[in-house]
Amino acid sequence: MTSSIDRIEYEGMLFGRHLTTLPAGRSRRRGGLLDPSAYVLLSLLEAGGPSTIAELTAATGLDASTLNRQTAALRKADLAERFDDPEGGPARKLRLSEHGQRQLDEERQASRDSLADLVDDWPEEDRSQFAELLARCNRALEERSGRYWPRP
């Protein structure tokens, strides 16, 4: 691999893979509280607020049937709750439950602790630059796809 594009592609694939294998990674199989789809949807609801299935589809690119199945699992686990649109719209909205917020907070803190330990010997300037480059890449991907994720 000689080009920067080759390296970005390969390292991006590895980064995604490695994140799921950190000791406190986002996987119930590895001692985590939430499966990856629950972690993503709960994070989206936390950052973007209560959402309809259509709004979740617009952000994630997943089809409504997949999101219906995933959100039903969230509701069954008491991680999220559905409610009538307070603005009177016909669609029902989904929001984090108190239990879901606690689980998300705990899972996110475990993930952050693992990442902090991983880059503990990096200078703060390197951590900051890495975070900015990841955000820049994600914004470019969002621009290309037309699917924008809310940021906390």
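We count residues from 1, following the sequence as given.
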Mind checking whether Trp149 and Val40 have side chains closer than 4.5 Å, heavy atoms only? yes
Got a sec: does the CD of Glu124 have more than 12 other heavy atoms crowding it under 6.0 Å? yes
Any chance the side chains of Arg82 and Thr71 put a donor and an acceptor closer than 3.5 Å? no
Arg102 CZ to Leu79 CG distance, which is reported to the nearest 0.5 Å: 10.0 Å
How close do Asp85 and Ala91 get, counting heavy atoms only, and between which atoms? CB-O, 3.4 Å
Output the distance between atom CD (Glu9) and atom CG (Leu14), rounded to the nearest 0.5 Å. 9.0 Å
How long is the straight-line distance from CZ of Arg108 back to OG of Ser111, given to the nearest 0.5 Å? 8.5 Å
Gap separating the CD atom of Glu46 from the OG atom of Ser43, nearest 0.5 angstrom: 6.5 Å
Following the transitive rule for hydrophobic clusters with a side-chain heavy-atom cut-off under 4.5 Å over Ile, Leu, Val, Met, Phe, Trp and Tyr, establish whether Leu118 and Leu134 coincide in one cluster. yes
More than 12 non-hydrogen atoms from neighbouring residues, nucleotides or ligands closer than 6.0 Å to CZ on Arg151, yes or no? yes
Test side chain to side chain donor-acceptor pair (under 3.5 Å) applied to Gln101 and Asp105, step by step: CA-CA 6 Å; Gln101 185 67 64; Asp105 290 345; 2.8 Å; yes
Run the salt bridge (charged side-chain N to carboxylate O under 4.0 Å, His left out) check on Asp84 and Arg92 step by step: do they pass? CA-CA 5 Å; Asp84 290 331; Arg92 299 191 73 194; 3.3 Å; yes
Got Val119 and Phe130 here, is their nearest side-chain heavy-atom distance under 4.5 Å? no
Could you tell me the separation between the CD atom of Glu107 and the CG atom of Leu34, rounded to the nearest 0.5 Å? 4.5 Å
Partner of Leu56 by side-chain contact (heavy atoms from CB on, under 4.5 Å), out of Leu45, Asn68, Thr66: Leu45
Just so I know, are the side chains of Leu74 and Gln70 near enough to count as touching, which here means a heavy-atom distance under 4.5 Å? no
From Arg95 atom CZ to Leu42 atom CG, the distance as rounded to the nearest 0.5 Å: 14.0 Å
Can you confirm whether Glu81 sits close enough to Leu94 that some side-chain heavy atom of one is under 4.5 Å from a side-chain heavy atom of the other? no
Does the side chain of Asn138 pick up a donor-acceptor pair with the side chain of Glu142 at under 3.5 Å? no
Taking the side chain as everything from C-beta on, heavy atoms only, tell me whether Gln129 gets closer than 4.5 Å to Glu132. no
Looking only at heavy atoms, what is the nearest atom pair of Asp63 and Ser65, with distance? OD1-OG, 2.5 Å
So, for Tyr148 and Glu143, which heavy atoms are closest and what is the spacing to 0.1 Å? OH-OE1, 3.0 Å
